[in-house]
Amino acid sequence: MRIPLPTDFSFRECTWFLDRGYDDCMQAVKGKTIFKMIRVDGRALLVRITEEEGFLEAELVPNEDLNTRREEFIRNYIISWLDLERDLRPFYELLLKDKRLAYMCATFGGLRLIGIVDLFEALSWSIIGQQINLTFAFKLKRRLVEKYGERLDFEGEAYYLFPSCEVLAGVTIEELREMQFSRSKAAYLIGLASAFAKGEMSLEMLKGLPDVESRRAVLIALKGIGIWTANYTLMKTLREPSSIPHGDTGLLTALANHAVIKDRSEVEKIERFFKKYKGWESYLVFYLWRSLAGPAA
DNA sequence: CGCCAGGAGTGGA
DNA sequence: TCCACTCATGGC
């Protein structure tokens, strides 16, 4: 199936992010091809994505027939995942006004805010990543996914779906402790899975709320979800354009690198800085995170 | 060895 | 509302 590409889209930048030196088990990048597992109608399907002139080509591997409804689902998934329907030009206009950040338009041009389409996965990943370095966080996620996630083998490689809330709701703290999860991380994760499994939390429910503030409040009411995670999730899954993961250590480092702040306690300065990027705060955060890794090789 | 990492909960002032 | 303390473990 073909998915048309917008202007200001860089396959290279997007795949670079997906394969940015961490061991992420949720997708694989091989050369100029992306492999991604997607749950469609309860079934685990492996999608292969390549770039053609002006569009993305997505196909199932091993090849499999799709009805229109499933095709639409996969199409929408990829559009949401890679944020393909956003016009980045207004964002770049704002960046160009700032001498410190203008270079990003050229260096990271066409980079899309890569999302986490599934809400449960996004929240779980946030909990896993809290207060530990990313290398270790990806390691924890891989252990969890390889033990509890659905697997599909293709051409000698194993691909996984993030574990379902039903499965994780039945896991014990001790099992997760054995995988080096801290006691609190384990408890948060199981509690979260249970809330999803019981239907107390869902993307539909969140989308049904009237505004960002109420969504944030509902998220924070979950054990283990603080302001950082709530904003991270609003940005990565709900696609809130103005969500800032306040207190994020990577964000503070990037702001210091770009001489926006001198030390990490300048909260007001950060607030003033972001005011200039109204409606694009999430993208700015994403690009600042991107900057931490330097230009793509 | 010490500090840090894409934090959060709790309890006390 | 705002600190200080605690959790917990690998990476560097």
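Letters A, B, ... are given to chains in the order of the sequence lines, protein chains preceding strands, and every chain is numbered from 1. These values consider heavy atoms only, across backbone and side chains, with no hydrogens, waters or symmetry-generated copies. Since this is a predicted model, take the numbers as computed values, not measurements.
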Classify the nucleic acid contact of [X] as base, sugar-phosphate or nothing, counting any heavy atom under 4.0 Å across all strands shown.
X       : result
L222(A) : sugar-phosphate
S126(A) : nothing
Y188(A) : sugar-phosphate
L251(A) : nothing
I127(A) : nothing

Nearest-neighbour nucleotide for the I132(A) side chain, dA8(B), dG9(B), dA5(B) considered: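 Nearest to the side-chain atoms of I132(A), counting from C-beta on, is dA5(B).
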Nearest listed nucleotide, side chain of F136(A), among dA5(B), dG10(C), dG9(B):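 Side chain of F136(A) sits closest to dG10(C).
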[atom1] of [X] versus [atom2] of [N]: gap in Å, rounded?
X       : N       : atom1 : atom2 : value
E178(A) : dT9(C)  : CD    : P     : 13 Å
W289(A) : dA5(B)  : CH2   : P     : 14 Å
F181(A) : dA8(B)  : CZ    : P     : 16 Å
L219(A) : dG9(B)  : CG    : P     : 12 Å
K185(A) : dG10(C) : NZ    : P     : 12 Å
Q130(A) : dG7(B)  : CD    : C1'   : 5 Å
I227(A) : dA8(B)  : CD1   : P     : 8 Å
L134(A) : dG7(B)  : CG    : P     : 8 Å

Plane angle bin for Y277(A) and F273(A) - parallel if under 30°, tilted between 30 and 60°, otherwise perpendicular: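 Aromatic pair F273(A)/Y277(A) classed tilted.
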Ionic contact status for E240(A) with R215(A), cut-off 4.0 Å: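 A salt bridge links R215(A) with E240(A).
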Test: R20(A) cationic atom under 6.0 Å from F17(A) six-membered ring centre, within 45° of axis: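 Judged by the rule (NZ or CZ under 6.0 Å from the ring centre, within 45° of its axis), R20(A) counts as positioned above F17(A).
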[N], OP1 or OP2 - any side-chain N/O from [X] closer than 4.0 Å?
X       : N       : result
R177(A) : dT9(C)  : yes
R264(A) : dA5(B)  : yes
S184(A) : dC7(C)  : no
K139(A) : dG11(C) : yes

Q131(A) vs T135(A), nearer the 5' end of DNA chain C by closest nucleotide: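 This one resolves to Q131(A).
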L292(A) side chain near T253(A) side chain, heavy-atom distance below 4.5 Å: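 Contact flag for L292(A)/T253(A) side chains = yes.
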Side chain to side chain, L168(A) and I190(A), heavy atoms closer than 4.5 Å: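 No; the side chains remain at least 4.5 Å from each other.
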Closest contact, heavy atoms only, W289(A) versus L251(A):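 For W289(A) and L251(A), the tightest heavy-atom pair comes out as NE1-N, 3.5 Å.
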Residue closer to the 5' end of DNA chain B, K223(A) versus G247(A) (nearest nucleotide):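 Counting from the 5' end, the first nearest nucleotide belongs to G247(A).
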Position toward the 5' end of DNA chain B (nearest nucleotide), K236(A) or I225(A):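 Going by which nucleotide is closer to the 5' end, it is K236(A).
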